[in-house]
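Below is one structure, written out as C-alpha cells; the observations come after it.
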Amino acid sequence: MIKVTLPDESVKEVEQGTKVSEVASSIGSGLARNALGGMVDGEVVELNHPITKDCRLKILTFDDDEGKLILRHTASHVMAQAIKRLFPEAKLAIGPAVDDGFYYDMDIDRSFTPEDFGPIEVEMKKIVDADYPIVREVKSKDEAIKFMKDKGEPYKVELIEDLPDGEEISFYTQGEYTDLCAGPHLPSTGMVKVFKLLSVAGAYWRGDEHNKMLQRIYGTAFTKKKDLEDYTNMLEEAKKRDHRKLGKELDLFSIQDEGPGFPFFHPNGMILRNELESFWREEHAKRGYQEIKTPIILNEDLWHRSGHWDHYKDDMYFTKIDGETYAIKPMNCPGSILVYNTHLHSYRELPIRLAELGIVHRHELSGALHGLMRVRCFTQDDAHLFMAPEQVKEEVLKVIDLADYFYKLFGFDYHVELSTRPENSMGTDEQWAKATDDLKDALEATGMDYKINEGDGAFYGPKIDFHLRDSLGRTWQCGTIQLDFQMPERFELVYIGQDGEKHRPVMVHRTILGSIERFIGILTEQFAGAFPVWLSPKQVQIIPITDKHQKYAEEILESVKKAGIRADIDTRNEKMGYKIREAEVQKTPYMIIVGDKEAESGSVSVRERKKGDIGSISLDSFIDMVKEKINSKAID
RNA sequence: GCUGGCGUGGCUCAAUCGGCAGAGCAGCUGAUUUGUAAUCAGCGGGUUGUAGGUUCAAGUCCUAUCGCCAGCUCCA
C-alpha cells in the first residue's frame with residue numbers, strides 16, 4: 001500500500017498502481033465525474049496515470065488551469081481527427097491548448113473559411129459520441145520518424161527530428177487517428193462534451209515569417225454548456241468595452257483612411273489626455289525629473305551615431321531637407337543625449353532625469369495596427385536618466401515604484417517581464433550580462449514576480465517591461481525600463497567625478513504609461529468609458545426640466561464652473577428622461593436635475609452615473625463632493 | 001508584410017436568384033413644457049471605399065487597389 005496525500009492534508013492508502021481516476025472515484029462520485037487529470041508531486045498527469053509511490057495528489061478539474069489545458073488539448077486532437085477525415089490531404093503541424101481554448105495548425109492547399117466550421121463540428125461530434133479510448137504509446141526516435149514518414153506528415157517528422165536523441169517519444173491514438181504528443185490527455189474522446197470552433201487565421205510554421213504560412217483553426221472547449229455560453233457572452237460584453245467603439249461613441253478620437261495608424265484626438269479626448277499629462281508632469285516634477293522637448297525631425301547622421309540606422313532603419317520614416325536626409329524620430333533618446341551634451345556635468349548633478357512627452361513615428365506593419373493600441377505615431381512618456389554606475393539599482397527601483405504608483409491608481413493588474421539580448425544588437429556580452437544582472441537585481445529586490453523574455457530586449461540594452469491587459473485579456477506593453485551602456489559610449493557622454501576626471505555615465509531609458517495613446521486605449525477599456533471623475537471630459541451635466549428652469553440652471557453652471565468642474569447645460573427642448581439617457585450613454589459621472597423644487601429651495605437633485613438618483617443636496621455640498629472625487633483621483 | 005473575413009447616409013444595419021438603394025437613431029423644422037435611461041409629426045441626407053471589367057441591367061459577379069477586423073510576425 002502507498003500513501004497519497006490530498007490537498008486537504010488527508011492521507012489515503014491505495015494499492016500500488018492505482019490510477020488517478022480511481023483515487024478520484026474513491027474520494028467522491030462528483031469529483032470523479034469532473035476529474036480531467038491529476039497533479040502528482042507538482043507534475044501534471046492524466047487520469048490513467050498509475051500511482052507507484054507515496055505522493056501528494058491533487059485531482060484536476062476544469063476549475064484548475066491545468067485541467068482546462070488537458071481538456072482543450074484533447075479537443076484540439078478531436079478537431080484534427082475530424083479535419084483529417086474530411087480533408088485527408090491536410091498535413092498536421094502543431095495543435096496545443098492556449099489560454100482560452102486551443103488551435104491546430106495545418107498545411108492544406110484549400111483555405112479554410114468559417115463555413116467549414118459546421119461540417120468539422122459535426123464530424124467532431126461523431127468522434128466524441130464514438131467515445132474512442134485515447135491510448136498512449138512510446139516509440140524510439142527512429143520508429144517515430146518512420147511512423148510519421150509513412151503517414152506522410154512532414155511537419156511531424158521535422159518536430160521529431162529536433163527532439164533530443166534517446167528520449168522516448170510519446171504518441172496518442174484515438175480511433176484511426178494517431179498524433180505525436182507529449183500529453184497529457186483525457187482517457188477518451190467522449191469527455192470533450194462542449195466545444196466550438198471560433199476563427200481561422202494564418203500562422204507561420206514555427207512562428208517564423210520566413211517559413212510557410214499554415215492555416216490555424218481556433219476553437220474552445222468547456223465541460224458545461226453554460227460555461228461556453230458565458231464565454232461567448234463575455235466576448236460580446238468585451239466588444240462593448242472596445243476602445244475603438246467607445247472612442248467613437250464618446251467622441252474621444254478617430255483614425256481615418258487619410259492616416260492609417262495616425263490618430264486624431266477630438267476635444268473630449270484632449271481633455272482626458274491633458275488631465276493625464278498634467279498629472280504626469282506633477283508626479284515627475286515631484287520626483288526630480290526635468291522636462292524637455294526635442295525636435296521630431298533630425299539629421300540622418302545622428303541616427304548613424306546612435307545605432308538606429310543599423311538596427312532600426314526599416315521602422316523609420318525619412319525626408320529630405322535642402323538635399324540632406326533627415327529622419328523622423330522613432331525614439332527620443334538621441335535628442336535627449338544631445339541636450340545632456342550641451343553642458344559638462346558634475347557627479348553632484350547625477351542622476352540627471354530628462355523627461356519628455358516625445359512624439360515618435362514608427363513604420364509598423366499595416367496588419368499590426370490596432371486602434372490606439374498600436375499606431376504609427378505616438379507620444380511616449382519618456383525619460384532618460386543619466387547616472388553613475390553605482391546609482392543604477394536605486395534609480396531602477398525608483399522607476400519600478402513610480403510605475404506601480406501609476407498603475408495602482410487606476411486599479412490595473414499588470415505583469416512584468418525581463419527581456420534579454422536580441423540577435424541584432426550592439427555591445428559586448430560582458431556589457432549585456434552586467435546590464436541584465438543590474439535589472440535582475442533590482443527586480444529581485446522588489447520581490448515581485450517576473451517572467452524572462454529571452455531575446456526581446458532593445459538593440460542597445462536589456463529591459464524590464466510592464467504589461468497591461470485590454471478588455472479581451474490581450475496584453476500590451478506599457479511601461480519599460482531599459483538599461484543602456486551603448487549610447488553613452490557612442491555619444492561620448494561624460495561627467496566629472498569627485499576625482500576631477502571624466503567618467504562615463506550609464507543611461508536608463510524609461511516610460512511609465514508607455515505611449516499616451518496606448519494608455520488611453522487601456523484606460524478606456526478598463527473603465528468601459530466610464531472614466532474616473534478627474535479624467536471625464538464632462539464631469540457634470542446640468543439638466544433643466546423645462547425651459548423655465550434654464551435661468552436657475554445657468555446660475556448653477558456658473559458656480560460649478562467657478563469651482564473648476566467641467567460642466568454643461570442641456571438646454572434642448574426635450575423631456576428630462578431623454579437628456580438623462582443621453583448623459584448616461586455618454587457616461588457623464590454626475591447629472592444635476594433642476595426643476596421647480598430645486599429652484600425654490602436653492603438645492604440640486606443629483607443623479608450619479610449608473611447608480612441613479614441619489615437625492616437632493618445643497619449646491620455647496622455637491623461641489624465639495626465632486627471636488628473631493630477629483631482631487632483624490634477616486635475610481636468608482 | 002502574410003492568411004482569412006468585411007467595407008451600403010454622421011452612427012447601427014436591411015436590400016430574395018444580378019432587376020427602381022431602404023429602416024431606426026442622429027441632424028434640421030414645427031408642435032409639445034415635461035421629475036430620474038428615448039414625446040409626436042414633417043423634411044433633408046447615398047456615384048454602395050476607390051478604379052477598371054462582365055452584363056440589357058451590378059450594392060450583389062470578376063480583377064486591381066485602399067482601408068477595417070481576427071490571427072501570425074513585430075512592438076510602446
message: Test of understanding: with side-chain hydrogen bond (donor to acceptor under 3.5 Å, both in side chains), list the residues that count as partners of A/Tyr407, not counting sequence neighbours.
response: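 With neighbours one apart ignored, the set is empty.
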Considering every strand and a 4.0 Å limit on heavy-atom distances, what is the contact class for [X]: base, sugar-phosphate, or nothing?
X	result
A/Gln215	nothing
A/Asp456	sugar-phosphate
A/Arg216	sugar-phosphate
A/Arg362	base
A/Met373	base
A/Arg474	sugar-phosphate

query: Picking from B/G27, B/G35, B/G4, which would you name as closest to the side chain of A/Pro114?
result: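 The closest nucleotide is B/G4.
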query: Say you pick atom P in B/U16 and the same atom in B/G22; how far apart are they, in whole Å?
result: 13 Å
- prompt: Where does RNA chain B form stems of at least three consecutive Watson-Crick or G-U wobble pairs, each pair having both distances below 3.5 Å?
  reply: B:1-7 with B:66-72, B:10-13 with B:22-25, B:27-31 with B:39-43, B:49-53 with B:61-65
query: Is A/Tyr578 stacked on the base of B/A37, meaning ring centres closer than 5.5 Å and planes within 30 degrees of each other?
result: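 No, the aromatic ring of A/Tyr578 does not stack with the base.
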- request: Measure from CZ on A/Arg581 to P on B/A38 and round the result to the nearest Å.
  value: 7 Å
